Amino acid sequence: MTSTEHVVAVSRQRRTRASRVKTALKKAPFSAWFGIVVILGYVFVALLAPWIAPYGETQVFSEAFAPWSQEFIVGTDQLGRDVLTRLIYGARNTVGIALATTLLSFAVGVTLGLLAAMYRGWPDQILSRAVDVLMSIPSLIFALVLLSIFGSSVTSLILIIALLDSTRVFRLARAVGLNVAVMEYVEAAQLRGEGPRWILTKEILPNVLPPLIAEFGLRFCFVFLTIAALSFLGVGIQPPTADWGSMVRENATLITYGDITPLLPAGAIALLTVSVNFVVDWFLHTTSGLRDEK
């Protein structure tokens, strides 16, 4: 194949892929579109937080627990910080840290899981037994213990939760990898003399991507909720960094007086979780090849 023919083939493949995505989006249900719009809104707010927030993240005003007004649209917290500003920056911090943690957990879990599936034997046994030991301990309690030992810095938070969550990713990647590793095209690649890296990245990984992508969305929700729970307990993201979990804890006393301010960060957490699940459900339905009966 000449270079010109190669360029044409790649161009056609890109157009075909883009057309498939466009067709799938057109057929997507309302719930999927709702989830996509909400997720894009969160991304927009997280990326542009310094420009759309009315005040600074740690800026303190003289009046604590100020009522909702034109100056403070949703009031101030116990220290006199603008709640709306903290909500906006919380999107950047909470969602950003959860995304980084999920990416790291998948990098570790998928790599080890697929290696265990490809090599089997004693590497599979050692990794699987180590994962079983880690999974036998409740993850939230284990995270609390480790954070108490190593401190509650952002780096420690990401590394500890990613390590604990990678065990779940490992088990899924190993399970789907075992099904693909015994296929004939993998054996053919081995007979051709292809190396382990080629087989892993070109033969196994592309054929297990749909369940892994769906699991990524679900694991992101679990990690996101775990970080919010740890922050609510006081060992997650530390002040003065804005975080939705700590905002619920700090303003919880307002519920006694009929103020719904603490429900705003809780609602932001719930809305993102529901939206991601909507998109994951649609993606799973689309990639599974199932069709709704008319």
Side-chain angles (χ1 to χ4, degrees), residues 20-21 24-25 28-29 31-32 34-36 38-40 42-43 94-118 120 124 127-128 130-140 142-143 157-183 186 199-230 269-290:
R20 287 201 302 267
V21 172
L25 288 174
S31 59
F34 174 81
I36 292 172
V38 170
I39 292 172
L40 291 177
Y42 275 70
V43 172
T94 309
V95 177
I97 292 175
L99 180 60
T101 304
T102 309
L103 288 171
L104 180 58
S105 71
F106 262 73
V108 175
V110 170
T111 302
L112 294 180
L114 294 183
L115 286 175
M118 186 172 65
R120 296 186 283 276
D124 181 21
L127 290 172
S128 297
V131 166
D132 290 341
V133 171
L134 289 175
M135 292 187 66
S136 65
I137 306 173
S139 57
L140 185 58
F142 201 7
L157 188 66
I158 292 175
L159 292 177
I160 289 172
I161 298 180
L163 173 64
L164 298 179
D165 198 65
S166 64
T167 57
R168 277 75 179 172
V169 180
F170 170 87
R171 296 192 72 172
L172 175 65
R174 176 182 175 275
V176 296
L178 283 173
N179 293 331
V180 175
V182 297
M183 301 298 288
V186 176
I199 295 174
L200 186 66
T201 58
K202 302 296 184 181
E203 303 291 346
I204 298 179
L205 184 60
N207 291 285
V208 299
L209 273 181
L212 290 179
I213 292 175
E215 180 68 10
F216 182 89
L218 296 177
R219 295 319 313 171
F220 171 79
C221 290
F222 283 114
V223 169
F224 178 67
L225 292 173
T226 300
I227 292 176
L230 291 172
I269 294 171
L271 180 61
L272 180 58
T273 304
V274 171
S275 299
V276 171
N277 276 279
F278 279 159
V279 176
V280 168
D281 287 342
W282 165 69
F283 178 81
L284 275 175
H285 182 80
T286 302
T287 56
S288 67
L290 297 175

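The structure displayed is predicted, hence computed values, not measured ones.
For residues 107-118, the set of pairs meeting the salt bridge (charged side-chain N to carboxylate O under 4.0 Å, His left out) definition, not counting sequence neighbours, is empty. For residues 95-112, no pair satisfies salt bridge (charged side-chain N to carboxylate O under 4.0 Å, His left out), with sequence neighbours left out. Sorted by first and then second residue, the pairs that involve residues 205-217 and meet salt bridge (charged side-chain N to carboxylate O under 4.0 Å, His left out), not counting sequence neighbours, are Glu215-Arg219. Judged as a salt bridge (charged side-chain N to carboxylate O under 4.0 Å, His left out), not a single pair has a partner in residues 104-117 (not counting sequence neighbours). Legend: side chain to side chain donor-acceptor pair (under 3.5 Å) pairs involving residues 272-281, not counting sequence neighbours: none detected.
Among all heavy-atom pairs drawn from Leu212 and Val208, the shortest one is CG-O, 3.2 Å. Of all heavy-atom pairs spanning Val279 and Gly35, the tightest one is CG2-C, 3.6 Å.
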Anything under 3.5 Å between a donor and an acceptor, one on a side chain of residues 170-183, the other on a protein residue two or more places apart or in another chain? List them.
{"from": "Arg174", "atom 1": "NE", "to": "Asp124", "atom 2": "OD1", "distance (Å)": "2.6"}
{"from": "Arg174", "atom 1": "NE", "to": "Asp124", "atom 2": "OD2", "distance (Å)": "3.3"}
{"from": "Arg174", "atom 1": "NE", "to": "Ser128", "atom 2": "OG", "distance (Å)": "3.4"}
{"from": "Arg174", "atom 1": "NH2", "to": "Asp124", "atom 2": "OD2", "distance (Å)": "3.0"}
{"from": "Asn179", "atom 1": "ND2", "to": "Ala175", "atom 2": "O", "distance (Å)": "3.4"}

Only distances under 3.5 Å count here; give the side-chain donor-acceptor pairs of residues 102-113 to other protein atoms, sequence neighbours excluded, each with its distance to 0.1 Å.
{"from": "Thr102", "atom 1": "OG1", "to": "Ala98", "atom 2": "O", "distance (Å)": "2.7"}
{"from": "Ser105", "atom 1": "OG", "to": "Thr101", "atom 2": "O", "distance (Å)": "3.4"}
{"from": "Ser105", "atom 1": "OG", "to": "Thr102", "atom 2": "O", "distance (Å)": "2.8"}
{"from": "Thr111", "atom 1": "OG1", "to": "Ala107", "atom 2": "O", "distance (Å)": "2.6"}

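Summarising the geometry, atom CE belonging to Met118 is positioned 5.5 Å from atom CD1 belonging to Ile204; distances are rounded to the nearest 0.5 Å. The distance from the CG atom of Leu284 to the CH2 atom of Trp282 is 11.0 Å, given to the nearest 0.5 Å. Here Phe222 contributes atom CZ and Leu164 contributes atom CG; the two are 14.5 Å apart, rounded to the nearest 0.5 Å.
By the ring pair (Phe, Tyr, Trp, His ring centres under 6.0 Å) test, Tyr42 is found to be paired with Trp244, residues two or more places apart in sequence or in another chain being considered. With sequence neighbours left out, Leu40 forms a side-chain contact (heavy atoms from CB on, under 4.5 Å) with Ile36.
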message: What verdict does the side-chain contact (heavy atoms from CB on, under 4.5 Å) test give for Val280 and Ile213, after you've listed the backbone C-alpha separation in whole Å, the side-chain angles of each residue and the deciding distance to 0.1 Å?
response: CA-CA 8 Å; Val280 168; Ile213 292 175; over 6 Å; no
message: Would Ile161 and Leu230 count as a side-chain contact (heavy atoms from CB on, under 4.5 Å) here? Give the steps.
response: CA-CA 10 Å; Ile161 298 180; Leu230 291 172; 3.7 Å; yes
